[in-house]
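Note that the structure is a prediction, hence the values are computed from the model and not measured. Convention: sequence-line order gives letters A, B, ...; per-chain numbering from 1. Values below: all heavy atoms of this structure, side chains included; hydrogens, waters and symmetry mates excluded.
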Protein chains: 2
Amino acid sequence: MRKEDWTKAFPPLQQLPPETVERLRAGSLLVELPEGSRIFGPGQAPESFLLLLAGTIRVQQTSESGREIVLYRVHAGESCALTTACLMGYEEYQAEGIAETKVRAVAIPRLLFDDLIATSRAFRQFVFTAFSRRVTNLFRVIEEVAFERIDARLAQKLLALAGNNAQIVATHQELANELGSVREVISRQLNEFARRGWIKSLRGTVEITEKAALSRLAQHS
Amino acid sequence: MRKEDWTKAFPPLQQLPPETVERLRAGSLLVELPEGSRIFGPGQAPESFLLLLAGTIRVQQTSESGREIVLYRVHAGESCALTTACLMGYEEYQAEGIAETKVRAVAIPRLLFDDLIATSRAFRQFVFTAFSRRVTNLFRVIEEVAFERIDARLAQKLLALAGNNAQIVATHQELANELGSVREVISRQLNEFARRGWIKSLRGTVEITEKAALSRLAQHS
DNA sequence: TTCCGTATGTAACTAAGTCACCGAGGCGGG
DNA sequence: CCCGCCTCGGTGACTTAGTTACATACGGAA
């Protein structure tokens with residue numbers, strides 16, 4: 001079986017000198033992870049740097065009381081940079097990464113990763129940029145949790161999860177877990193949204209009927 | 001005037017080969033920042049990697065409504081790694097860094113930083129470790145804001161700010177800003193603590209009288 | 001069709017944040 | 001010394017968010 005040329009999936013990697021790309025291709029490992037599998041978490045460290053080819057990873061945190069909050073998602077074409085760096089500095093790491101779908105990824109072993117960082121300016125740029133994006137995102141999360149109202153946050157999340165579709169497949173509990181809130185609160189908010197005619201709520205799904213209204217609520221007011 | 005040998009202040013840098021250290025010493029800049037100065041923030045990017053020799057930098061975030069939250073502090077002997085990385089990936093960056101005291105720091109210009117990352121494995125280790133620590137810390141902040149009760153968080157913060165002393169010099173407003181809460185809430189909590197005999201509250205200062213009780217409250221219960 | 005697990009509804013209560021205002025203390029200018 | 005002002009803290013009434021403890025409804029498997 002011919003080794004798939006996955007490097008095409010990462011535009012920034014195209015900038016690398018050909019021999020670097022070759023080294024990457026040769027030294028890294030294609031892995032496939034089933035949906036729902038736990039990729040890393042407290043007491044479980046990935047020993048390599050991950051680049052996602054397909055699927056998404058959800059990075060979340062769980063409190064003692066069982067409440068959860070989603071910190072960010074890693075999509076195809078992105079790297080799990082934050083995580084990896086944390087592991088390289090090996091602090092204990094309390095977030096966990098879950099394969100939200102079946103995931104195909106390239107695993108770059110620690111040594112090769114280190115080597116690439118050392119030799120390729122473009123690769124460094126790639127890694128730092130990914131870092132930067134994640135951290136910026138984390139700051140947003142903190143801002144939202146600390147300062148924004150739950151109705152605005154829920155509206156935002158509904159819009160984000162919907163994308164271009166109008167249908168969102170998620171239970172109230174799952175929505176609560178996205179926001180670090182609890183089911184009852186989300187149920188109440190959704191009922192209020194429904195009462196205003198902004199959404200329709202079926203069992204296990206939400207249908208957006210008034211995107212504009214949600215958007216208005218989402219941007220703060 | 002002889003150039004001060006600041007490299008002694010950073011044990012990890014002692015591991016570097018002598019010529020690297022020499023390059024660092026020669027290519028970097030000793031800077032001094034007055035108390036209260038804004039070191040970076042939205043629309044203000046530091047063009048170099050900072051290593052703190054003395055003083056502390058407070059990194060915080062401000063909401064539209066004026067509420068604030070302290071994300072972390074950079075102390076002497078530490079680097080402002082997160083920030084710098086963010087800037088290298090140049091995303092817009094909404095946190096700001098304030099010199100909490102007079103600050104002496106070494107500024108490593110971007111090019112030299114990049115060069116050192118490339119050539120020195122020890123330096124990379126140093127930078128990634130610092131990263132890791134910060135990110136781990138950010139995760140803690142998210143967990144606290146999202147899941148912990150304000151009384152427990154306040155107790156924690158009081159203990160942290162006090163260190164070995166019993167006296168904390170801070171107004172209720174400042175304590176609220178530490179936690180991303182508001183003055184009224186903090187006042188109420190402090191009154192309750194005082195009523196229980198755990199603290200004494202003077203104008204602009206708090207004196208801890210029952211450290212043990214605060215500790216108990218701090219670890220969740 | 002019945003049963004059972006999951007999803008959602010609801011009410012009463014506590015915790016946290018908001019709003020509006022008050023009063024006390026400290027400090028500088030006259 | 002007194003006045004006025006400004007910062008700090010206190011308080012009550014109200015809204016929003018989270019907790020506790022149930023009840024009910026849906027939908028697939030037996």
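Straight-line distance from the CZ atom of R149(A) to the P atom of dA16(C): 18 Å, rounded to whole Å. Atom CD1 of I150(A) and atom C1' of dA15(C) are 15 Å apart (whole Å). Atom C1' of nucleotide dG27(D) and atom CG of L202(A) are separated by 13 Å, given to the nearest angstrom. Nucleotide dG18(D) holds its P atom 15 Å from the CD atom of E148(B), rounded to whole Å. To the nearest angstrom, C1' of dT7(D) lies 15 Å from CG of N177(B). Atom CD1 of I168(A) and atom C1' of dA7(C) are 17 Å apart (whole Å). Per the geometry, CZ belonging to R153(B) stands 13 Å off C1' belonging to dA15(C), to the nearest Å. Remark: C1' of dG9(D) and CZ of F193(B) are 17 Å apart, rounded to the nearest angstrom.
Using a 4.0 Å cut-off, some side-chain N or O of S181(A) falls inside it from OP1 or OP2 of dG18(D). Residue R67(A) places at least one side-chain N or O under 4.0 Å from the OP1 or OP2 atom of dT19(D). Regarding contacts with the backbone of dA17(D), a side-chain N or O of Q189(A) is found under 4.0 angstrom from either OP1 or OP2. The phosphate of dT6(C) has neither OP1 nor OP2 within less than 4.0 Å of any side-chain N or O from H172(A). Phosphate contact (OP1/OP2 of dG9(C), side-chain N/O of N191(A), threshold under 4.0 Å): present.
Using a 4.0 Å heavy-atom criterion, one finds that L154(A) contacts no nucleic acid atom at all.
With hydrogens and angles ignored, no donor-acceptor pair closer than 3.5 Å exists between the side chain of R188(B) and the base of dT11(D). Residue side chain Q173(B) does not reach the base of dC8(D) through any donor-acceptor N/O pair under 3.5 Å, judged by distance alone. Side-chain atoms of R183(B) and base atoms of dG10(D) include a donor and an acceptor less than 3.5 Å apart.
For the ring pair (Phe, Tyr, Trp, His ring centres under 6.0 Å) with F49(B), the qualifying choice from F126(B), F113(B), F40(B) is F113(B), the only one to do so.
Nearest nucleotide to the R203(A) side chain, out of dA25(D), dT18(C), dA24(C): dA25(D). Listed nucleotides: dA20(C), dA7(C), dG18(D). Nearest to the side chain of T171(A): dA7(C). For S187(A), the side-chain atoms get nearest to dT8(C) when compared with the rest of dT8(C), dC19(C), dC8(D).
A salt bridge does not link E148(B) to R153(B): none of the charged nitrogens lies less than 4.0 Å from a carboxylate oxygen. Under a 4.0 Å N-O distance rule, the pair E174(A)/K157(A) does not qualify as a salt bridge. With salt bridges taken as basic N to acidic carboxylate O contacts below 4.0 Å, none links E210(A) and R216(A).
The main-chain N or O of I117(B) is found under 3.5 Å from a side-chain atom of R124(B) such that the two form a donor-acceptor pair. Not one N or O on the side chain of S37(A) forms a donor-acceptor pair closer than 3.5 Å with the backbone of A99(A).
Mapping F147(A) and E184(A) onto DNA chain C by nearest heavy atom places E184(A) at the nucleotide closer to the 5' end.
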